[in-house]
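As the structure lists them, so they are numbered: ligands from 1, and atoms in each ligand from 1.
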Amino acid sequence: MTQAVVSLNSGSSSIKFALFTLEEPGNPRLSAGGKIERIGIAPSLAIRSIAGETLHAHIWADGAGLSHAELLEYLFAWARGHLDGHEIVAIGHRVVHGGTEFAAPCRLDEAILAKLEKLCPLAPLHQPHNLAAIRAIARLAPGLPQIACFDTAFHHDKPEIAARFALPRALHAQGIRRYGFHGLSYEFLIRRLAELDPVLASGKIIAAHLGNGASLCAIADGRSVDTTMGFTALDGLMMGTRSGALDPGVVLHLQTQLGMRAAEVEELLYRQSGLLGVSGISSDMRTLSESGRPEAEEAIELFAWRAAREAAALAASLGGLDGMLFTAGIGENHADVRARICRRLQWLGVELDAEANARNATVISDAESRVRVLVIPTDEERMIALHTLGVLQGGSA
Ligand code: AMP
């Protein structure tokens, strides 16, 4: 029987999953994957083979009340009947927050889960859903090894100065510090870059994960040295619906002068701001590009301006710049946004090849560019599978 591992990424309104089979040691092969979306509204499930053929689809039109656990139970029951001679030996989970303690993936048990529960207030929109999936699977398949892969871990050893807010020391000691996120994506990019251009992979890189959530990471010799997300995934770049970095005085004003309650401020900053808030049209970059309205143009330009401004700050953290990597929905596909960001970084030695950029080529910088610019599709699910195997084998990926 061929062994298999499952990667699970359980968010507030969606659960993404991927099944990797282990014919070859150390090289998990994607065999199927899919998503449950619109959880809490009318959940829908689609499972696709590697060839893109739909293996199973289901919509719960009246399923607003279905919990993550109930939906996972359905998925599990389906998987049990369709494993085609594969045995699932472990499930790897994306866990957003590993706090100050968890610097590497680890096998979950009750004691670790209890520690991770305590971190829920630091990632209220993500961590509870990550942990709910782990608990649901522990009930459905007791004894099946479950591995936590942390989004914060890649940033764990960044320099102390990049972890500090200018707040009293006691708060830093309590964990109010800059953690950084999207770590699984950045780890994957650096592994891939080491295959594509090993010399550049040991240089000074800014990686741009530009999707619905967006951040930049400064990477020197394969290690995170600074990143735009901080204490929460709200910091840094403008995102689909999140504001990114904001004068903290705005938050005080919203509460003290406009009388907004904490929950309303949270809703505003996480779900009503960013591209959606500025355009008043959509959180989706593609929709904005096709809109032609001036508010959409303003939102796109602000997104690019903010990204370039933060990239320049990270170049200072790195003390130079050899390469830039673009990834995630916008970074991989949106040539115009990449061009807008890179144009603002020309003074750092970034020169795009317009034709290569337009066709989303792997290398999009001009041959004369001092900074090499690449587009690398991210694969957080594969990174989770690699870490899961690493933990099962007693090492790391
Ligand atoms: P993600 O969170 O990585 O799925 O990224 C979502 C964002 O990527 C949305 O703003 C989409 O509009 C954008 N996006 C996805 N595909 C494309 C595409 N082919 N062209 C331009 N933007 C895209």
Side-chain angles (χ1 to χ4, degrees), residues 7-18 33-39 44 46 48 52 94 96 125-126 129-130 151 181-189 192 207-217 228-229 233-234 236-244 270-293 295-307 325-342 352 354 356-362 364 374-384:
S7 296
L8 258 192
N9 181 354
S10 179
S12 56
S13 63
S14 71
I15 301 173
K16 284 191 216 156
F17 49 87
K35 210 173 183 185
I36 304 176
E37 291 179 287
R38 291 165 55 82
I39 300 174
S44 64
R48 291 201 178 79
R94 176 187 196 173
V96 161
L125 299 193
H126 297 98
H129 303 294
N130 305 155
D151 248 331
F181 300 89
H182 287 143
L184 294 164
S185 176
Y186 293 129
E187 266 184 286
F188 179 83
L189 293 188
R192 185 77 188 104
H209 180 110
L210 307 179
N212 228 342
S215 73
L216 304 180
C217 184
T228 57
M229 281 181 172
L234 194 54
L237 304 189
M238 173 179 177
M239 306 181 215
T241 61
R242 286 173 248 170
S243 64
Y270 274 97
R271 297 199 182 87
Q272 304 296 331
S273 299
L275 293 172
L276 174 66
V278 174
S279 69
I281 299 168
S282 171
S283 63
D284 191 282
M285 189 59 97
R286 231 179 326 184
T287 308
L288 296 183
S289 299
E290 289 157 7
S291 145
R293 299 243 306 263
E295 298 89 341
E297 167 56 27
E298 190 175 17
I300 299 169
E301 190 55 14
L302 184 58
F303 181 92
W305 180 80
R306 288 276 298 268
L325 313 178
F326 283 96
T327 199
I330 299 168
E332 290 167 27
N333 301 296
H334 208 301
D336 174 48
V337 168
R338 288 193 303 256
R340 289 182 196 228
I341 296 170
C342 289
L352 280 196
N357 185 44
R359 65 183 162 86
N360 299 324
T362 302
I364 59 169
L374 287 89
V375 175
I376 302 182
T378 194
D379 193 346
E380 289 155 299
E381 281 73 28
R382 173 169 296 275
M383 204 60 236
I384 293 170

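Looking only at atom types and distance, the side chain of Thr327 has no donor-acceptor partner in the side chain of His209 under 3.5 Å away. At a cut-off of 3.5 Å, with distance as the only test, a side-chain donor of Ser185 or Thr378 sits close to an acceptor on the other residue. Between the side chains of Arg242 and Asn212, not a single donor N or O lies within less than 3.5 Å of an accepting N or O.
In summary, the atoms of ligand 1 found under 4.0 Å from a heavy atom of Gly211, numbered by their order in the structure, are 1 (P), 2 (O), 3 (O), 5 (O). Heavy-atom contacts of Asn212 reach the following atoms of ligand 1: 1 (P), 2 (O), 5 (O), 6 (C) (cutoff under 4.0 Å).
In terms of polar-atom proximity, Ile330 is counted as a contact of ligand 1, with an N or O under 3.5 Å from an N or O of the ligand. Below 3.5 Å of separation, one finds an N or O of Arg286 facing an N or O of ligand 1. Among the atoms of Met285, some N or O lies under 3.5 angstrom from an N or O of ligand 1. The shortest N or O to N or O distance between Gly329 and ligand 1 is under 3.5 Å.
The closest protein non-hydrogen atom to atom 12 (O) of ligand 1 is Asp284 OD1, 2.6 Å. Nearest to atom 19 (N) of ligand 1 among the protein's heavy atoms is Asn333 CB, 3.4 Å.
Atom-to-atom distance recorded for Lys16:NZ and Glu380:CD is 6.5 Å, nearest 0.5 angstrom.
The backbone N or O of Leu352 sits nowhere less than 3.5 Å from a side-chain atom of Asn357 that would complete a donor-acceptor pair. Under a 3.5 Å cut-off, the side chain of Ser13 and the backbone N or O of Ile39 do not form any donor-acceptor pair.
The presence of a protein heavy atom under 4.0 Å from atom 4 (O) of ligand 1 is ruled out.
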Start with the C-alpha distance between Glu297 and Arg340, add both sets of side-chain angles, then the distance that settles salt bridge (Lys or Arg N to Asp or Glu O under 4.0 Å), and finish with yes or no.
CA-CA 12 Å; Glu297 167 56 27; Arg340 289 182 196 228; 3.0 Å; yes
